[in-house]
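Step one of this worksheet: look at the structure below.
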Amino acid sequence: MARRRGRLRRPRGTGEHVAAAIVALAAVTLVVRLALTARDAAVHVWPLWAGLTAGGVEYWLWRTLRCARTQRARAAMLAVLRITLEEVDAMSDQDFEFALRDLLTRDGWSARQVGKQGDQAADVIGHHRQRGRIVLQAKHTKVGGKVGSAVMYQVKGTAGPVHGADIAVVVTNGFFTRDAKSWGERHQVHWVDRDRLRTWAEHGTPLHDLLRLSQQPARRSPRRRALRTTSTAA
């Protein structure tokens, strides 16, 4: 047998009506008190939140302006950057990599230092709107040191397949063996030896002018290539 659901019964008689009115009044009073408490809390807390928000905005603006000034100062410094071979010779291996990054930036490339253990023959990677992606392998040696063909083989094997580079360059403050230079020229691995480094770093000739790097054709995205192939087939 199914149970009957309980139903609220209307008050009966004077006593029940009075009790119901008292309960309703108490509920209304409680709601009003809660509303007043919330209003008072908002009145007292709002200035604090407003102050914190204003302080956060001011700090963000200060950091933004500071970063902008720092970037402008760095750009101005790099625009006239010159590094002598004596300064290069006194650098550590990592300092040499950062110097090559700054020289690329001076020449209009967006560059970053990436050299570390297991870097797969890439110490600096840069990008240029007209000339594509470049990978530099830095070889900091003692004065008179020579770089052999093995370095050229390694750079050729990783620059394109691993790092997606259009241009591969090996840079040293020493010299290259004859075999290394001829192999690099045959297989499109550019080289910058001590004499070329002087022209680039000390005299200020841009790397793309020094190596006569041609401008790369604009690359189409895979989506655009697919659309063009589809339209051609149609």
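Just so you know, these numbers come straight off a predicted model, no measurement behind them. The figures here come from the full heavy-atom set of this structure, side chains too, leaving out hydrogens, waters and symmetry mates. The first residue of the sequence shown is numbered 1, and numbering continues consecutively from there.
The hydrophobic cluster containing V135, built from Ile/Leu/Val/Met/Phe/Trp/Tyr side-chain heavy atoms closer than 4.5 Å, also comprises V114, I125. In the hydrophobic clustering, where aliphatic and aromatic side chains (Ile, Leu, Val, Met, Phe, Trp, Tyr) are joined below 4.5 Å either directly or transitively, V143 stands alone. In the hydrophobic clustering, L36 connects to V28, V32, either directly or through intervening members, whenever side-chain heavy atoms lie under 4.5 Å apart.
The nearest pair of heavy atoms linking R101 to V124 is CA-CG1, 3.9 Å. Across all non-hydrogen atoms, the minimal contact from R106 to R82 is NH1-NH1, 3.7 Å. Taking both residues in full, the closest heavy atoms of V170 and F176 are given as O-CZ, 3.5 Å, listed atom of the first, atom of the second, then distance. In terms of heavy-atom proximity, A180 sits nearest to S149 at N-OG, 3.3 Å. The nearest pair of heavy atoms linking G148 to T177 is CA-OG1, 3.8 Å. Closest non-hydrogen pair, E97 versus A138, comes out as CG-CB, 4.0 Å.
Residue R186 qualifies as enclosed at atom CZ: its count of foreign heavy atoms under 6.0 Å is above 12.
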Under the criterion side-chain contact (heavy atoms from CB on, under 4.5 Å), I'd like the reasoning laid out for L197 against V88: C-alpha separation, chi angles, the key distance, then a yes or no. CA-CA 10 Å; L197 183 60; V88 170; 4.1 Å; yes
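A donor-acceptor pair shorter than 3.5 Å cannot be found between the side chains of T105 and D102.
Not counting sequence neighbours, the partners of H208 by the side-chain contact (heavy atoms from CB on, under 4.5 Å) test are D107, W109, R131, P206, L213. Checked against side-chain contact (heavy atoms from CB on, under 4.5 Å), R196 has the following partners two or more places apart in sequence or in another chain: W191, V192, D193, L210, L211.
For the pair L103/I83, a side-chain contact is recorded, criterion being any heavy-atom separation below 4.5 Å from C-beta on.
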Would you list the atom pairs, donor with acceptor, under 3.5 Å between side chains in residues 150-158 and any protein atom, with sequence neighbours excluded?
from: K156; atom 1: NZ; to: H187; atom 2: O; distance (Å): 3.0
from: T158; atom 1: OG1; to: Q120; atom 2: O; distance (Å): 3.0
from: T158; atom 1: OG1; to: Q154; atom 2: O; distance (Å): 3.2

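In terms of modelled atom types and a separation under 3.5 Å, the side chain of R194 and the main chain of N173 share a donor-acceptor contact.
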